[in-house]
Every structure is written in structure tokens, then in C-alpha cells.
Amino acid sequence: MAMMPKRVKYRKQQRGRRKGKSYKSSTLGFGEFGLKTLESEWISDKQIEAARVALMRETGRAGKLWIRVFPDKPVTKQAAETRMGKGKGSPAGWVAVVKKGRILFEMEGVPQEMAREAFRLAAHKLPVKTRFVTRGGQA
């Protein structure tokens, strides 16, 4: 099942800007280990879910996982073979706007090497460069 908001005030949203750093959610808040972005990008609901599945599979559902991003921005798409000037397309999916420095996932209750490997596999599912971080500092 895709991650998406239960309800939104407006069906369509403007694209906005992706530049800048994330000051909010840039440090570990819950777990021992985390996955931090080094780039700004949109991350789709499917990419977040694929990363979550990879994390769960690698850790054998041990420990606790926090997902620190949520896809709450609608992305629209025009129908195929539509001429220019026919208005904005229909909502096609949901994305999370992620800025540089944002923590995406956090984990605790597993050994550091297992967490590092799980985050490495999850990072392959994401469109951004990431870094493994620990509570004591970056490892």
C-alpha cells in the first residue's frame, strides 16, 4: 500500500524549490543509527517503501525502525500525447521533499555492522547520496 496523506486541502501543488539545507530533522532524534541525505531531491512513496522493505529484510525485523520522511506533496502528470496548453495534469503520485542534511531513517536494537549493511542496501533504493550516521557522531 502506498504512503500518502489521508486527506489534503488542495489536490494540486506547485513544484517549489529544492535548494537549501534541512535544519529540521538533521540530527538523530530516536534511534542509535541513521541514514542522512547529502543532496536535495524529491523521494517518492514507492522509493521510501522499497528502502523500508530492504531494511526490514536485512535486519530480520529485529530492532526498531523510524521513518522520518513522509510523502505529502502531490505530483501531477499530463496524459500521454497531450498537446501543450491544456492545463495542469491530474495528480499521479506523492513525494517527500528532502533537503540536504535530512535524516531519512533511524534504527536501534541491532548491531552497528548489521545497521550499516541494512542502510547500505536501503540507500541503493533512493535517488540521493546518503551517509550512515551514529548517535556518537558520523561513523
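Under the 4.5 Å side-chain heavy-atom criterion for Ile, Leu, Val, Met, Phe, Trp and Tyr, M56 and M114 are members of the same hydrophobic cluster. Both V69 and M3 are members of a single hydrophobic cluster when ILVMFWY side chains are connected at heavy-atom separations under 4.5 Å. Both F70 and I67 are members of a single hydrophobic cluster when ILVMFWY side chains are connected at heavy-atom separations under 4.5 Å.
Atom CG of L35 and atom CG of L28 lie 10.5 Å apart (nearest 0.5 Å). The CD atom of Q112 sits 13.0 Å away from the CZ atom of R135 when rounded to the nearest 0.5 Å. Distance check: R116 CZ to E58 CD gives 13.5 Å after rounding to the nearest 0.5 Å. Taking CG of D72 as the reference point, atom CG of D45 lies at 11.5 Å (rounded to 0.5 Å). Distance check: K36 NZ to L38 CG gives 8.5 Å after rounding to the nearest 0.5 Å. The CE atom of M4 sits 11.0 Å away from atom NZ of K6, with the distance rounded to the nearest 0.5 Å.
With sequence neighbours left out, E117 forms a salt bridge (Lys or Arg N to Asp or Glu O under 4.0 Å) with R120. Listed by chain and residue number, nothing satisfies the salt bridge (Lys or Arg N to Asp or Glu O under 4.0 Å) test with R57 (two or more places apart in sequence, or in another chain).
Smallest separation of non-hydrogen atoms from V110 and A115: CG2-CB, 3.8 Å. Looking at every heavy atom in both residues, P71 comes nearest to I48 through CD-CD1, 3.9 Å.
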Would you check, one step at a time, whether the test side chain to side chain contact (heavy atoms under 4.5 Å, CB included) holds for I43 with V128?
CA-CA 8 Å; I43 301 182; V128 289; 4.3 Å; yes
Just do the salt bridge (Lys or Arg N to Asp or Glu O under 4.0 Å) check on R52 and E49 with the steps written out, would you?
CA-CA 5 Å; R52 185 195 68 80; E49 179 63 14; 2.7 Å; yes
With ring pair (Phe, Tyr, Trp, His ring centres under 6.0 Å) as the criterion, how do F132 and F33 come out once you've worked through the C-alpha distance, each side chain's angles and the decisive distance to 0.1 Å?
CA-CA 7 Å; F132 178 75; F33 313 110; 5.7 Å; yes
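V95 belongs to a hydrophobic cluster whose other members, connected by ILVMFWY side-chain contacts under 4.5 Å either directly or through intermediates, are W42, V75, V97. By the 4.5 Å side-chain criterion applied to Ile, Leu, Val, Met, Phe, Trp and Tyr, V53 is assigned to no cluster and stands alone.
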Throw together a table of side-chain donor-acceptor distances under 3.5 angstrom for residues 8-20, partners on residues two or more places apart or in other chains.
{"residue": "K12", "atom": "NZ", "partner": "K88", "partner atom": "O", "Å": "3.3"}
{"residue": "K12", "atom": "NZ", "partner": "G89", "partner atom": "O", "Å": "3.3"}
{"residue": "Q13", "atom": "OE1", "partner": "K73", "partner atom": "NZ", "Å": "3.2"}
{"residue": "R18", "atom": "NH1", "partner": "E41", "partner atom": "OE2", "Å": "2.9"}

Return all side-chain donor-acceptor pairs below 3.5 angstrom for residues 101-108, not counting sequence neighbours, or 'none' if the list is empty.
{"residue": "R102", "atom": "NH2", "partner": "R68", "partner atom": "O", "Å": "2.7"}
{"residue": "E106", "atom": "OE1", "partner": "G29", "partner atom": "N", "Å": "3.3"}
{"residue": "E106", "atom": "OE1", "partner": "F30", "partner atom": "N", "Å": "2.7"}
{"residue": "E106", "atom": "OE1", "partner": "G31", "partner atom": "N", "Å": "2.7"}
{"residue": "E106", "atom": "OE2", "partner": "G29", "partner atom": "N", "Å": "3.0"}
{"residue": "E106", "atom": "OE2", "partner": "R68", "partner atom": "NH1", "Å": "2.2"}

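Panel note: side chain T82, backbone Q78; no donor-acceptor pair is recorded below 3.5 Å. Here the side chain of Q47 pairs no donor or acceptor atom with the backbone of L126 at under 3.5 angstrom. T37 contributes a side-chain N or O that, together with a main-chain N or O of K99, makes up a donor-acceptor pair within less than 3.5 Å.
Put simply, the side chain of E39 reaches to within 4.5 Å of the side chain of K129, judged on heavy atoms. F119 has its side chain within reach of L55: a pair of non-hydrogen atoms, C-beta onward, lies under 4.5 Å apart.
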